[in-house]
Amino acid sequence: MPTAIAVTSADLALPPQDERTMPAVVLAGLDRQPLDHALTELSDLIEGHGHVVVLCSAATPEPVVRRLYTLRSLLESDRIALLRPELPPLGVAVLGRQLRQLASCDLSPGVLASAGRLLAHYIHAGAVLGSVARLDRVPVGLKAHAKSWVPGSQFAVLAHPEPQLVKVAPEVTLKGPEFPTWLLLAKGQLPGDWAAGLGTAWGAQGVRETALPAESRAWWGTGRMVEFCAHLDDLSVLYQLVASVRQSGCHWCGLDVIGDRCVFCSAVPPVHEPPAPRALEPRTPA
């Protein structure tokens, strides 16, 4: 069975992108169910799939995150990878679907899990907000804070990969990706016309819509928003990106990985310092 890709709520499990996209495993209510039930559920998942990659956002409630770490400790397993990327909730959902697409390919569990860190670099995630007064995940100047109290003000914020913040106006846009992407919109309590216009400004191949994740309100500090995410969706492109990166074996658990850290056991490859050059001994000419 392919590696299982799990999320902590149903609204982070986006619909399949194509017929090869593996279904998401939803680990809902981990903090509310008895510990032994959660332990059995995760243990069965490992036995059925071999390895499990769990994604959650920075806005995932701390009791859920603590329960995940507790379960992994009790199982004493290096076959559970916990990914908590610096992405807004919609970006986390997109990344989860990309990993579900790749789960059908011939990638080892270690490479698939560490591909999450690689693919996150190609995700452009942001939102149009009715207020930035409670936004603390992107730098906000005093002028923007003051303007956010003016009725009718809206701000476009790019949280990843590089923070940007502009006041919404017809002629204003955000710096977007320099490669072909699809744009995904999740509407909250604001109209999505300006956000949809990013599809044209960024040269997107198309615009799709989905439901707003429940964690988005906490992440952005308001419910008056439209969240957006530009991403790669072609499986062949995703696979080529991952397969083109040099793989190495984890010195601790033995899994093949890409990057500088094994996502399953958290081991960092040892740094081998080259031996210091030996000083030459002075010699007296014969």
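- Applying the under-4.5 Å side-chain rule to Ile, Leu, Val, Met, Phe, Trp and Tyr, the cluster around W202 extends to V128, L158, V166, V168, V172, L174, L183, L185, L190, W194, L198, V207, V226, F228.
- At a threshold of 4.5 Å between non-hydrogen side-chain atoms, the residues I5 and L102 do not count as touching.
- In plain terms, the two heavy atoms of G188 and L212 that are nearest each other are CA-CD2, 3.8 Å.
- Relative to the ring axis of W220, R137 does not place its NZ or CZ within 45° and under 6.0 Å from the centre.
- Qualifying side-chain contact (heavy atoms from CB on, under 4.5 Å) partners for P16, counting only residues two or more places apart in sequence or in other chains: T21, R100.
- Pairs passing the salt bridge (charged side-chain N to carboxylate O under 4.0 Å, His left out) check and including a residue from residues 229-246, sequence neighbours excluded, read R208-D233.
- With sequence neighbours excluded, the residues forming a salt bridge (charged side-chain N to carboxylate O under 4.0 Å, His left out) with E209 are K187, listed by chain and number.
- D256 contributes atom CG, which lies 4.5 Å from atom OG of S108 (distance to the nearest 0.5 angstrom).
- The cluster map of Ile, Leu, Val, Met, Phe, Trp and Tyr, joined by side-chain heavy atoms under 4.5 Å apart, puts L235 and L119 in the same cluster.
- Partners of F179 under the side-chain contact (heavy atoms from CB on, under 4.5 Å) rule, at least two apart in sequence or in another chain, are Y122, H124, P177, T181, L232.
- The salt bridge (charged side-chain N to carboxylate O under 4.0 Å, His left out) search around R79 returns E47, not counting sequence neighbours.
- Within the 3.5 Å criterion, the main-chain N or O of G110 finds a donor-acceptor partner in the side chain of S114.
- The backbone N or O of V52 lies less than 3.5 Å from no partner atom in the side chain of T3, so there is not a single donor-acceptor pair.
- Distance CG/L39 to OG1/T70: 10.0 Å, rounded to 0.5 Å.
- V26 and A13 get closest at one heavy-atom pair: CG2-CB, 4.2 Å.
- Scanning for salt bridge (charged side-chain N to carboxylate O under 4.0 Å, His left out) contacts around R117 gives D260, with sequence neighbours left out.
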Walk me through whether I80 and V53 qualify under side chain to side chain contact (heavy atoms under 4.5 Å, CB included). CA-CA 6 Å; I80 306 170; V53 180; over 6 Å; no

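- For P163, the side-chain contact (heavy atoms from CB on, under 4.5 Å) test picks out V138, P139, with sequence neighbours left out.
- For residues 40-68, the ring pair (Phe, Tyr, Trp, His ring centres under 6.0 Å) pairs, not counting sequence neighbours, are H51-F264.
- With values rounded to the nearest 0.5 angstrom, M225 atom CE is found 10.0 Å from Q189 atom CD.
- Taking CG of L42 as the reference point, atom CD1 of I46 lies at 4.5 Å (rounded to 0.5 Å).
- Side-chain contact between V257 and V263 is absent, with no heavy atoms from C-beta onward closer than 4.5 Å.
- To the nearest 0.5 Å, the span separating OG1 on T40 from CG on L45 amounts to 12.5 Å.
- Atom CG of L27 sits about 12.0 Å away from atom CZ of R67, to the nearest 0.5 Å.
- For the residue pair R97 / Q17, a side-chain donor-acceptor distance below 3.5 Å is found, with atom types taken as modelled.
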Pairs under 3.5 angstrom only: tabulate donor-acceptor contacts from the side chains of residues 83-93 to other protein residues two or more places apart or in another chain.
residue: R84; atom: NE; partner: S57; partner atom: O; Å: 3.0
residue: R84; atom: NH1; partner: E62; partner atom: OE2; Å: 3.4
residue: R84; atom: NH2; partner: A58; partner atom: O; Å: 3.4
residue: R84; atom: NH2; partner: T60; partner atom: O; Å: 3.3
residue: R84; atom: NH2; partner: E62; partner atom: OE2; Å: 3.1

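- No donor-acceptor distance shorter than 3.5 angstrom exists from the side chain of H231 to the backbone of V94, with no hydrogens or angles considered.
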Could you go through residues 238-245 and list every donor-acceptor pair under 3.5 Å that involves a side-chain atom there, pairing it with any protein atom two or more places apart or in another chain?
residue: Y239; atom: OH; partner: D106; partner atom: OD1; Å: 2.8
residue: S244; atom: OG; partner: Q240; partner atom: O; Å: 3.1
residue: S244; atom: OG; partner: L241; partner atom: O; Å: 2.9

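- Summarising the geometry of A120 relative to L95, their closest heavy-atom pair is N-CD1, 4.2 Å, with the distance given to 0.1 Å.
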Does R224 form a side chain to side chain contact (heavy atoms under 4.5 Å, CB included) with L129? I'd like the steps, not just the answer. CA-CA 6 Å; R224 296 175 53 230; L129 307 176; over 6 Å; no

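- Listed by chain and residue number, nothing satisfies the salt bridge (charged side-chain N to carboxylate O under 4.0 Å, His left out) test with D11 (two or more places apart in sequence, or in another chain).
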